[in-house]
Amino acid sequence: MKFKKVVSLLLFVCMLTCVFPSAYAVSSLNQKKTDFGLKFDVNGNFRIMQIADIQDYHNIEEGCLDLLSLAIKEYHPNLIVLTGDNTISTGTTYRFKNTIQQFISTFNGTPFVVTFGNHDSESGPSRADQYNLYVENGALNFDNNFSSIDLNGVGSGCLTILDNKGNNVAWNLILLDSGTYDDNGGYGKPGYNDKKSYNNEEGYQRVVNYVRTVNEDMKSFTADGDYAPTLAFQHIPLHEFYTTGIVVPCNEGDEGAFYSDDKKVDIPGYYRPNTDNPTVTGNYLESACCSATSTLELYKAFAEHENVKGIFYGHDHKNTLMGEGTYKDLDGTEYKLVQGYCKASTFKDYNDGNQGVRIFDLHLDGTYDTRMVTRSDLNVRILGENHYYIDQYENNSVYVSDLRASFNSRERHAVSELTDAGYTVIDKDLNDGSGGDYIYLGYKTTSSKNDAITDIMLVKGGEANKTRTEVINGKNVVYQAVTSKDGTVVDFNKGCGGEYIYCYYTKDTVYRPITSIAIDVKECMAEYNTVMWYDEPALAADLNKGAKGDYIYLHYKRYGKNVDRELEILDDFTKRQNEQIIKDNYAEYYNESSLKALNDALGECSAILNAYNESLYSDKYGPAEFSAARQGVLDALDKLAVDVTLDPNGGKIAPTVVAVVVGTNREGVIYLNELVPENDDKDYVFGGWALSKDASDGIYEGMKITGATTLYALWTYSPSSDTDTENTDTSSDNTDTSKDTSTDTSTDNTDTDVKAMPGDVNCDGKVDMLDVTALQRIIAKLTTHENMGKNSFKNSDCNYDSYVNMQDVTLIQKYIAKLVDKL
């Protein structure tokens, strides 16, 4: 047997101690980073996407990449949180880096952070090295931040989300490396196994102290000095998932029952979701593989101040269950904590067939909404483990058409047998270093796509059959064995004592044509695919397996690029009728021009699909056409518009109809301050737009339109406008006096250092209807804040959203009417 290097899976983690300049001068945190560039938008929104258990090898399934890409494009998260088992068995650092770059590429520049699960330890590089590679590829570096406590684990720490002003911490996120396995069996817990300088229990206690310290220290950064609302994430569930009333013991055969003694120490038996707990939602489709021993101190550390709004896990691929559990101490103290799952996104490991991600919408008041988004929600169509590839045409003209092997005890005879028959020989003995016969592989080429080899497989053991039939996408695909000159099926370990290895190829058009093949002692070759074992598709096939000598791998390059996803999305667009799109997803009525654009784009997609139905390898369509057709539909969906009719209600405005975009990525917002009518009667000032002719209040700036709408101009009687009219009609001297008086008053207000007072638009030291009129005139662009006084804009922004609009007018009116106590 030959000797090969063994990649150790024993972890040793070198703790990263990161010292950052402080954004604020605060005692114990004066050297810790608080600003990660994450903050709420001006509307008070911040969205997180949790991705759990990608758990794939170095060639990530296209379905998983589809799921992530479409979810991110559809939901536009502000932050992505990877909660462990991100990879598995990638082997070398090169392959690990290649793996994470594949799924990071789907993030489209979205900030992301990463912590780890039990399987991440099987990926070759140490957890510390993995973390550094994530950071090198764009991850935010939060590891062990915000505390002087030295933590076991990597990807443990916290990061902050600032309010929409960027001044204070609005939310805090705690991420914990939940470890791997307990020394006594079952799964471990945070602080376990990942740093040898502490024993397991000491490491765990450090994590508990860290959570308590962060909760206390973070108060210095919040606007009110109180505990920051917090979400926590880790891979393996806390032990208390079973003991706090989210699931309850039951009998075998009860509805929803699962046996829960899977790698656990003290929670055997059957459990089901607690139907008496009104907070429990989601699916419980497998037993919860939680920490094997109690994590009660950590549970209490999360729950004791009620600022941790929930802790969310991955690990158990099918579960979406969440609910609030309660632990009652001996002294009667109750500790309540929401615990929940994010189901797996993996297409490689086990799942329930509807993979997904979890969305969190955070609010500035410390509340949040959360939901799962699944493959079915996103219309991700998966064709199975073997994907159906359609060619994107390049200018290739040569394809591999035939393979033959030769073997002989003399090298020159093995080579000449191939060259004499017109084969190009790959200059590498496939038994190199292992003894036995010399074995060489040769190939022929063709300019015809129809005669091209499209797939190659390598098989260990079994009978030397000349053909194999595999079912791929419901189709029987016949593979031919690579034989020698006399038709003998060649064992690629012939004469060296290793395993029987046979090579097969097919010309079926289920795959794209192969343009070149190569052999290398390295497992990976740039721009080439590696032939994997048929029965172990995650492992590269070593042609010397079980024998002495070099590693030897067979590589191939396919013609063009994979456009399977492009074609599937085009197909999906054509199958969804316009009427269904309108009915299910968007506004009730669209205007004619935007609907025509959508029909035209869908028609172009149909033309491409029809061409492929007629001829799989049509030269008419290439990469540019595929990309343009798909983008055309996306653009058309994104620009669907409804007509909004503007009724001046006695005034004048042009145009009378405006188009408001309400498509897939648009809010359907109408910007009212850009639509200002005129009125011949100067006694009235435009007060905004209303939904009826006789309305007393205008609708607010940024109103969302959901269908064809008529808006009516709202006219407000203005005493100041009446005074101006009388002064204008007086003699020229009086007119000048009126102008001078107006100017002087404005100047006085501007120069006087009037204290800021919410609602005091005209800066006269009180809030009354004159301020309502003044703000309406400003919105109608009949005057400006500068003409009112230096604090006018600040006083006008009554809802503190950095905008001045009809919402602020309404708030001032409510204050005057004593419907609200303060502004």
Side-chain angles (χ1 to χ4, degrees), residues 42-44 164 364-365 644 646-651 653 669-679 681-705 709-725 745-746 749 754-823:
V42 294
N43 297 314
N164 54 358
L364 285 170
D365 64 0
V644 176
L646 303 177
D647 186 333
N649 202 10
I653 189 171
V669 169
I670 182 168
Y671 296 98
L672 303 174
N673 59 353
E674 299 174 1
L675 307 169
V676 180
E678 298 176 353
N679 198 318
D681 187 344
K682 301 302 181 183
D683 289 346
Y684 289 90
V685 173
F686 175 62
W689 294 98
L691 294 172
S692 64
K693 280 181 174 290
D694 56 354
S696 58
D697 290 327
I699 61 177
Y700 56 86
E701 174 71 21
M703 173 188 175
K704 290 184 180 180
I705 301 296
T709 305
T710 298
L711 298 178
Y712 301 89
L714 176 69
W715 299 105
T716 305
Y717 180 73
S718 173
S720 60
S721 178
D722 183 53
T723 302
D724 290 343
T725 303
T745 302
S746 174
N749 283 341
V754 179
K755 184 177 180 181
M757 177 186 294
D760 183 16
V761 179
N762 62 5
C763 300
D764 64 356
K766 57 183 180 293
V767 180
D768 52 26
M769 284 303 297
L770 291 177
D771 296 298
V772 173
T773 301
L775 187 52
Q776 288 173 334
R777 289 169 60 83
I778 290 170
I779 292 171
K781 299 184 179 179
L782 299 176
T783 186
T784 65
H785 288 290
E786 288 75 11
N787 287 335
M788 297 293 167
K790 75 173 187 178
N791 287 322
S792 177
F793 180 85
K794 184 176 181 180
N795 291 350
S796 301
D797 183 16
C798 296
N799 59 0
Y800 308 103
D801 64 354
S802 300
Y803 297 97
V804 171
N805 49 43
M806 290 302 295
Q807 288 177 289
D808 300 296
V809 171
T810 302
L811 284 173
I812 297 173
Q813 290 173 326
K814 288 181 177 180
Y815 176 73
I816 295 170
K818 302 185 184 303
L819 298 177
V820 296
D821 296 331
K822 64 179 181 178
L823 294 173

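Residue Tyr712 places its OH atom among more than 12 non-hydrogen atoms of other residues, nucleotides or ligands, all under 6.0 Å distant.
Counting heavy atoms from C-beta on, the side chains of Ser796 and Asp808 never come closer than 4.5 Å. Counting heavy atoms from C-beta outward, Leu811 and Pro758 have side chains that stay 4.5 Å or more apart. Residues Asp771 and Asn762 are in side-chain contact: their nearest non-hydrogen atoms beyond the backbone lie under 4.5 Å apart.
Here Cys763 contributes atom SG and Asn787 contributes atom CG; the two are 11.0 Å apart, rounded to the nearest 0.5 Å. We find the CG-CG distance between Leu364 and Asn43 to be 10.5 Å, quoted to the nearest 0.5 Å. With values rounded to the nearest 0.5 angstrom, Leu775 atom CG is found 6.5 Å from His785 atom NE2. With rounding to the nearest 0.5 Å, the separation of CG in Asp797 from OG in Ser792 is 11.0 Å.
The minimum heavy-atom distance linking Phe793 with Val804 is given by the pair CE1-CG2, 3.3 Å. Shown here for Met788 and Val761, the closest heavy-atom pair between the two residues is CB-O, 3.4 Å.
Take Lys693 and apply the salt bridge (Lys or Arg N to Asp or Glu O under 4.0 Å) test, not counting sequence neighbours, and it matches Asp647.
When each of Ile812, Ile816, Thr810 is paired with Lys814, the side-chain contact (heavy atoms from CB on, under 4.5 Å) condition holds for Thr810 and for no other.
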